[in-house]
*Asks:* 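Structure incoming, see below.
Counting starts at 1 for both ligands and their atoms, following the listed order.
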Amino acid sequence: MERLAAYNILPAGPGDAAALARVHVRSWRETYAGLLPGAFLAQMNPGVYARRWRRQLMAADSSELILCAEGAGGLVGYCGASERAGGAEVSTLYVIRPAQRRGVGKRLLSSAAKVMAARGAPSLHLWVLNDNTRARAFYEHLGGFPVEERRVSGWDGAYRETAYSWPDIRTLAAACESA
Ligand SMILES: CC(C)(COP(=O)(O)OP(=O)(O)OC[C@H]1O[C@@H](n2cnc3c(N)ncnc32)[C@H](O)[C@@H]1OP(=O)(O)O)[C@@H](O)C(=O)NCCC(=O)NCCS
C-alpha cells in the first residue's frame with residue numbers, strides 16, 4: 001500500500017486541468033453510480049471538463065482555492081474552497097477509489113481549512129448529497145455536523161443535500177497536523 005507521505009498536497013495550476021478532469025469524471029462515476037442518473041454520468045466528457053478546469057484555473061480574478069493531491073502515479077484527488085459570507089465553503093472534495101482511506105481526503109480538507117483560516121474565514125461548511133452516506137460519515141468523523149437541508153438546484157428538484165458545519169475552522173485546520 002502506498003504510504004501517506006507518498007502523496008503531496010499542492011495548489012493546482014492550469015497545467016493540471018487535464019488530470020483534474022480525469023479525476024473529476026472518474027470520481028463522479030465511482031461516487032454517484034446508483035445515486036445520480038446513469039445517463040448523466042455516462043456522458044461526462046473529460047475533454048469538456050478539462051477546458052472548464054483550464055478556464056477556471058487561468059481566471060485572473062478567481063479567489064477559489066483548488067488543492068490537488070498527487071501520488072507517484074499522478075493526481076488522485078482535489079478540493080475546492082472559497083470565501084462566502086460568514087465563512088469558507090468547500091465546493092468539491094474528491095479522491096479516486098484506489099487512493100481512498102489513506103489520509104488523502106483528510107489532508108486535502110484540512111489543508112483547505114488551513115488556507116481559508118489564514119484568509120480570515122472563522123468557520124467552514126460544505127454541502128453533501130443526502131444519499132452520499134460514506135462522505136457524510138467521513139465528515140462526521142472529522143467533527144462536522146449537519147445544520148441545514150435543501151433541495152439540490154437542477155436535476156428537476158429530485159435530490160436533497162445537507163450542509164455540514166465546522167463552526168471553528170481551526171479544529172479542521174488542525175486535523176492535518178496529525179495526518
Ligand atoms: C469522502 C472522501 C473525500 C474521504 O477521503 P479518504 O481519503 O477516503 O479518507 P481519509 O483516508 O482521509 O480518512 C480520514 C479519516 O476519516 C475516516 N473515514 C474515511 N472514510 C470514512 C467513512 N466513510 N466513514 C467513517 N470514517 C471515515 C478514516 O478512517 C480516517 O480516520 P482517522 O483520521 O481517525 O484515521 C473520499 O472517500 C471520496 O473522495 N469519496 C468519494 C467522493 C465524495 O463522496 N466526495 C464528497 C462529495 S461532498
*Asks:* Test question: given the 4.5 Å side-chain rule for I, L, V, M, F, W and Y, name all other residues clustered with Phe145, or answer none.
*Replies:* Val147
*Asks:* Hey, does Trp28 have a side-chain heavy atom less than 4.5 Å from the side chain of Leu41?
*Replies:* yes
*Asks:* Can you confirm if the NZ or CZ of Arg52 lies within 45° of the ring axis of Tyr49 and under 6.0 Å from the centre of its six-membered ring?
*Replies:* yes
*Asks:* Could you list the residues that satisfy salt bridge (charged side-chain N to carboxylate O under 4.0 Å, His left out) with Arg84, not counting sequence neighbours?
*Replies:* Glu89
*Asks:* Heavy-atom cut-off of under 4.0 Å around ligand 1: list whichever protein residues fall inside it, by chain and number.
*Replies:* Thr31, Tyr32, Leu93, Tyr94, Val95, Gln100, Arg101, Arg102, Gly103, Val104, Gly105, Lys106, Trp127, Val128, Asn132, Arg134, Ala135, Ala137, Phe138, Tyr139, His141
*Asks:* Any side-chain heavy atom of Trp127 within less than 4.5 Å of one from Val152?
*Replies:* no
*Asks:* Listed by chain and number, what are the salt bridge (charged side-chain N to carboxylate O under 4.0 Å, His left out) partners of Glu140, not counting sequence neighbours?
*Replies:* none
